[in-house]
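This structure is a prediction, so every number in the text was calculated from the model and none was measured. Residue numbers start from 1 in every chain, and the chains themselves are labelled A, B, ... in the order their sequence lines are given, proteins ahead of strands.
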Amino acid sequence: MPLSLQDVQRIAHLARIRVDEAEAAGYQTQLNGIFGLIEEMQAVDTRGILPMSHAQDLSQRLRADVVSESDRRAAFQAVAPQVENGLYLVPKVIE
Amino acid sequence: MTDTIVSLSVLLATGQASSVELCQDYLGRIAQLNPLLNAFVTVNTDQTLLDAAAADARRAAGDIGPLTGVPIAHKDIFCAEGWLTTCGSKMLSNFVSPYDAHVIGQFKAAGMPCLGKTNMDEFAMGSSNETSYFGPVKNPWDTRRVPGGSSGGSAAAVAGRLCPGATGTDTGGSIRQPAALTGITGLKPTYGVVSRYGMIAFASSLDQAGPMAQTAEDCAWLLNVMAGHDPRDSTSLERDKEDYACDLASPLAGLKVGLPREFFGAGLTGDTARAVEAAVAQLQKLGARIVDIGLPNSKLSVAAYYVLAPAEASSNLSRFDGVRYGYRTPEYGDLAEMYEKTRAEGFGPEVKRRIMIGAYVLSHGYYDAYYLQAQKLRRLIAQDFVEAFKECDVILGPTAPTTAFKLGEKTADPVQMYLSDIYTIAVNLAGLPGMSLPCGFDAQGLPIGMQLIGNYFAEARMLNVAHQYQLATDWHTRAPLLEV
Amino acid sequence: MQWETVIGLEVHSQLSTRTKIFSGASTAFGAAPNTQACAVDIALPGVLPVLNRGAVERAIRFGLAIGARLNRNNVFDRKNYFYPDLPKGYQISQLALPIVEAGELTVQLGEGDKAVEKTIRITRAHLEEDAGKSLHEDFHGEDGRPLSGIDLNRAGTPLLEIVSEPDMRSAKEAVAYARALHTLVTWIGICDGNMQEGSFRVDANVSVRPKGQAEYGTRREIKNLNSFKFLEQAINYEVRWQIEQIEDGHRIVQATVLFDPDSGETRMMRSKEDAHDYRYFPDPDLLPVKLDEDWIEQVRAGLPELPRQKQARYVSELGLSAYDASVLTSSKWSADYFEAMLAPAGVGQAKACANWVTGGLAAFLNQMDYGPDLCPVTPQQAAGVVKRVADGTINGKIAKEIFDALWKGEGADADGIIEARGLKQVSDSGAIVAIIDEVMAANTKSVEEFRSGKEKAFNALVGQVMKASKGKANPAQVNELLRARLTA
């Protein structure tokens, strides 16, 4: 099922990646090529097969509810694009 | 500078060299050859020499491990406190990590100085090291050719003897394929053996770190440093500490080597086929028995992988939004524009393609047909190996379908590039250990690698097989001539 | 046309763990911005989540308390969307296999004789992480454009999202359910219930349909209601609005809205435009959570008696009215207070203790700005007062005075105050008769009125006698002796 230009723009928006019209055509060709590779899997009958999410069939380890982290704000914010009064700044958020 | 890690450790132990001297030698060679190879993104001479002096002081104080003072390079995917950690991306081109990855911490604890951070495909997405924001890495055997990827910087650095060993990561072949293309030895451990904490995630359920070095023996020693349980990674396995070097000397008599029919069919070029077949004969000479096995679903691994890995990646890479660290576009109006421009400018084309594939296969109406179907195929592929290991101890085949290809040869066609990992991907999907080691050269003098695949936790056995093979052959000792 | 309202609630209950759900950072409220946001919480490259046992345990406790099914194998998924207070670009939540499924909560609607019970089905309760906060005030860029500040201290705080079936038919029912749920989560100690601090937030899914129609109407979701009052106002507004829209010939479009307490209206949220495509998938960083039977049984053994069980027991064993029993069990604190009083006062004084907790104490607490935790009168002190009423040492009026004194810290216990202030009840008939005679002599008019058949005059005389005794005379004796004197 080939992707339309509209599909490309839809997923680019979902992924928050700006794609202009010229780029969109290029992505469309490339992504359709990749989906050509992927499509072969549709022919396989997988009824009754359990999906596999993890390499090992193990269960989650649980952490004790004990504080182990201290304040490292200064170090973390040293690499931040824009901060003020300990807050990360972004263009105004509209809810 | 052809010393192995084991031989360097002897030099240090016997006082024939100090860590500072070794580091100075390697830093000199990096300064000389990196402009040619572009294997390193970051070198920090002062920090390396401080590390080395500290290692020498530890040795003087008697506080040493087996590899204290031996320098190593790290793939730029590992967060290292105080080091620029770029993951090969413009997005992190200004990111100085405020913390250490578990793997970095393990090497620090072992007293092994860091020679620098090695170049890589952007966010480990690539098989040629051409997607790096910092430019392609050149193959030391022929600088017009690629070193493979994504751990191409580490592979080229080891092959060019710019460092005695390096860390790599392998999501679909990113340690093994560049190891094969540059004539070195590299191991991807069983998923969960090495902690992923601090290793920038590409596809979390597939990513695994491992060692890259000249020999299997060196890889065993490096894996001893890297492996072990880490409570900060929920997928890190709780197992007793293992000595991966303990079985190196065992004879191979009685070893059952499985040859998957599917790996020896069409698509394998003559030289690679001949070299791998010769390696099989060599192992038989060492006492191994050959078993014919089938991995019927492995042909689906590339398709399944290019659904699962992009799906996980699309989500893993959402954190790069220009808010808390990394690149932020200089020109933006509102929040939506800041996000979209930051991510459009900060990521390269291959990363954006994969994020978009991932967003698509997870999106409403497509999840079952793509993502869920791929997860089911993943189980079928893994079950093939379970069956195969009832018949054999290790599986042997080629690592890559071809030797090193030319720079730019496959960049225009992502699909051709993806097929470079056709033999390695199934191993990641199953979570098994796999390694590549040199087994010959093609007519153009380019190295050929063979792949060993082991059952879960069979690293020590695989390293034993590889070591015995390397005792009987000298492919791994060949180094490219690199003079400027 | 007759309209029927259909409401389902999604309640985000913040779990009372010391640390975040996936990191070891503190959850304490009120820290300076981003000082409790560790590497995992701010989603530095390479960091990974590890699940907090305390959060899972609290979810199990809740599941047991609502008689739900606990999924022995539950899974964390990623919910993908971009928002600056969501550092990873996805929220770790549970979609396909939540930890708790199919429970119920019975709530009481109305009071007294008109009270009826209704059982609200709880579809599921799942664990997830909270987001950070966007602060919109006072930040401007160099070019003067408005900015928001992001504080990630709250990011990663464990939440239990409790989702009901659309079983409620009015704002009042929704509030009754939300209150009962609030009581329960605080009762079993999994949530501090502090609504001002956002520990208990309610989203209401509201739709309307013509009465008798089987299908549901299109719903709109009102987000983030942090008081019961707003919950009621928002639903009532939304219902009126939806009915008006339909009656005006418009269709309701599924949407997410916010309630503005100032205007009393709801409005669409702009940030939810991608809400239809969260691209959920199982989080590869977290393995399936397995609940073993031993653990579940251990948690079950540690559960307190639940409000409804207690309520039934108060009626059957203590003879309290259904109303008293329900008021006493409306919070863990009041039930605990009541039981702590009952121990020294004795089971025979159950009604007297209940009256104090539901009456005097509640009135005192209502006048105060502080919560019940700071109540200055201990249950033991209160029991001391009740005991002295029971044994005839004081009467009810004096009891109130003593409670007041205890409240103000004017004495350590009832006996001390009685002694110091000479409040002991006068039960000596000689002394009471002397007072009665004085009062009759001074109020001849009332005496005559009574004798001519006006019963009302009797009460006036009782009042005078009590006043003359400074309230200390035994009222029963006063009644008996006064009547005897008047009719003699």
Relative to chain C, which segment of [X] carries a heavy atom at a distance below 4.5 Å: side chain, backbone, both, or neither?
X	value
R196(B)	both
L206(B)	neither
A311(B)	backbone
L317(B)	neither
P231(B)	backbone

If you count heavy-atom pairs under 4.5 Å with chain B, which of L147(C), D285(C), L286(C) comes out on top?
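The residue among L147(C), D285(C), L286(C) with the greatest pair count is D285(C).
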
Pick from [options] with the largest number of heavy-atom pairs that fall under 4.5 Å of chain C:
options	result
S315(B), A201(B), S204(B), S363(B)	S315(B)
Y367(B), Y197(B), F320(B), Y325(B)	Y325(B)
L92(B), T235(B), I77(B), D321(B)	T235(B)
D233(B), L372(B), V323(B)	D233(B)

Pair F107(B) + H74(B): ring centers closer than 6.0 Å
yes

So how far is it from M91(B) CE to F347(B) CZ, rounded to the nearest 0.5 Å?
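One finds 3.5 Å between CE of M91(B) and CZ of F347(B).
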
Is E221(C) paired with K223(C) through a side-chain N to carboxylate O contact shorter than 4.0 Å?
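A salt bridge links K223(C) with E221(C).
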
Could you tell me whether R53(C) and E57(C) make a salt bridge, using a distance below 4.0 angstrom between a side-chain N and a carboxylate O?
no

